[in-house]
Amino acid sequence: MKALIAAALVAACAAGLAAQARQAEKHPVPRIVQNNGRYALMVDGEPFLMLGAQSNNSSDWPATLPKVWPAIEYLHANTLETPIYWEQFEPKPGQFDYTAVDTILAQARAHHVHLVLLWFGTWKNGSQHYMPEWMKLNPDRYAHVVNKGGERVDSPSPFAQASLEADIHAFTAFMQHLKAVDSERTVLMVQVENETGTWGTLRDYSPEANKLFAAPVPDDVLKAMNKTASSGGSWADVFGPESDVCFHAWAIARYVGQVAAAGKAVYPLPLYVNAALRDPFKGAPGTYESGGPTDNVFPIWKAEAPAIDILAPDIYILETPGYLKVIELYHRPDNALFIPETAGTTRTARFLFAALGLQAIGYSPFGLDYTRTNHPERMAPNAPDAFLDPTARNYKLLGPMMRDVARLNFEGKLQAVAEVENQPTQTLHFGVWDAIVSFGGGRGGVAKGNAEPIGRALVAQLADNQFLVTGYDCRVDFRPAGTAQQQEAGQIVIGTDQAPSALIDGKWLHRQFLRVEEGAYENGAFKFQRILNGDQTDWGLDLGSEPKVLRVSLAVY
Ligand code: DGJ
């Protein structure tokens, strides 16, 4: 009998392991891959474009989740970003409560969306407000930053060893649990802490911190920051007016790097940190949250927190030059562009396309649920969905085609742009073709820019003479561009005919539409609906306010 039971147990175990192996094959752990400076977030083995929405801070509770899911559905988002609160997760030291994690996982699966979970741990917007009560009530042990005057600041000290150990312990338990319960890979990434740094003082001025500040700058920091100062130099010697912010970034990055490494060791999901930005043009120390992954201390964060895959900007800058500058700064050969928070307004929604033009792997406006706990003014009683509409428009268009968009972008075949004020046309170069995107032009009329800068376009090269075209509030046309050698020889003159043309190698070449197909994505594939011709193509391809996807074959005559 005993032998029979043992054999049954062995068989059950083997069946369980086989099921796990099948699951792991079907759903490998999401990861970020890089090829020639281009990135992809791999989900189920293929590039995935995360079209997300972040909930309000206090929405991840059973009482409020019913006000989150209808918004996610309305948006056509494929991912919800939502917090895991340390204070809920570890109400007593070492006692972990997994109910919130399990609830959000079960509900996300029921709604067929992925999750990015935000670990509201030691830092939340520069403060320690999500530390459990037992830590908050013991600031001698779980120390705060102190300012120059020796006063405690509302910010955790990165030198508090007890806090670091507690965070490592809790974050590891959280990641371990995720690994155990998420073989479906509902969770794509985890954000470690939230907007780390400190407001109100540039760094910790505790005696321990001051001692380190006066000591030589560690070699890895010197190397990362490309400094040639002799290794005896103190932080002030080496970094001058930026010394306090560099020092604070080093201290915080080291702390977060250890938390992230411990979590990643148990479950290697992609991890990222988010930055409260400094002004990308004139962000002087004291004008922004010091210590977080701002653009000036990027190399310090990369060197001290290698378990963090991405340094990501929270973009609440609304004007065009600032927004575009930020995405340019966070799109680097050593960093994928990922926007975990931004404003989802009518004017800013177009920047998703500018981000795709820089190979963004994901994007997620903040506060998109119906709890009204943030920005209640955005939820007008007579238009309760208006605050969702700008993002919903983007996702309605891109959602069904997101796998192709992510793949083409990873392969380097895709370009995308957002309208810029006083710049009614933008030209995208694709080898022997240029795509001309124009805003605010009518049939045959000169483009003047839209009344509001809301235009956006995406063009991807499917074959030498075939393109995928989509966007809103713009026109797209194509012009022969000649070969690279012909371009270099500088012989190309642009024509002014109705059909865009160019004088190449002494010969006028005109663009000819062989076939313009309008279609829609179904089950991830373009499905032909009709051929556009005549008024629909004679002045270029008109992308208005309705979602439209075109597949365009070109020739010259
Ligand atoms: C940025 C933070 O990261 C979010 O959690 C939230 O506090 C927003 N700011 C503002 O509502």
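Remember, predicted model here, so these are calculated numbers, not experimental data. All ligand and atom numbering here is 1-based and tracks the order in the structure.
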Short N or O distance, Glu341 and ligand 1, threshold 3.5 Å exclusive: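 Between Glu341 and ligand 1, an N or O pair is found under 3.5 Å apart.
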For ligand 1, find out whether one of its N or O atoms is nearer than 3.5 Å to an N or O atom of Asn57.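 Yes; at least one N/O pair falls below 3.5 Å.
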Short list, please: which atoms of ligand 1 are under 4.0 Å from a heavy atom of [X]?
X	answer
Glu195	1 (C), 2 (C), 3 (O)
Asp314	3 (O)
Asn194	2 (C), 3 (O), 5 (O)

Does any part of the side chain of Val417, heavy atoms only, come nearer than 4.5 Å to the side chain of Leu356, both counted from C-beta?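 Result no, sub-4.5 Å side-chain heavy-atom pair not found.
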Are Trp69 and Tyr370, when compared by the centres of their aromatic rings, separated by less than 6.0 Å? no
Check for me whether the distance between the ring centres of Phe410 and Tyr39 falls short of 6.0 Å.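 No; Tyr39 has its ring centre 6.0 Å or more from that of Phe410.
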If you draw the axis of the six-membered ring of Tyr472, does the NZ or CZ of Arg456 fall within 45° of it and under 6.0 Å from the ring centre?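 No, Arg456 does not lie over the aromatic ring of Tyr472.
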Among side-chain atoms of Asp182 and His177, is any donor-acceptor pair under 3.5 angstrom? no
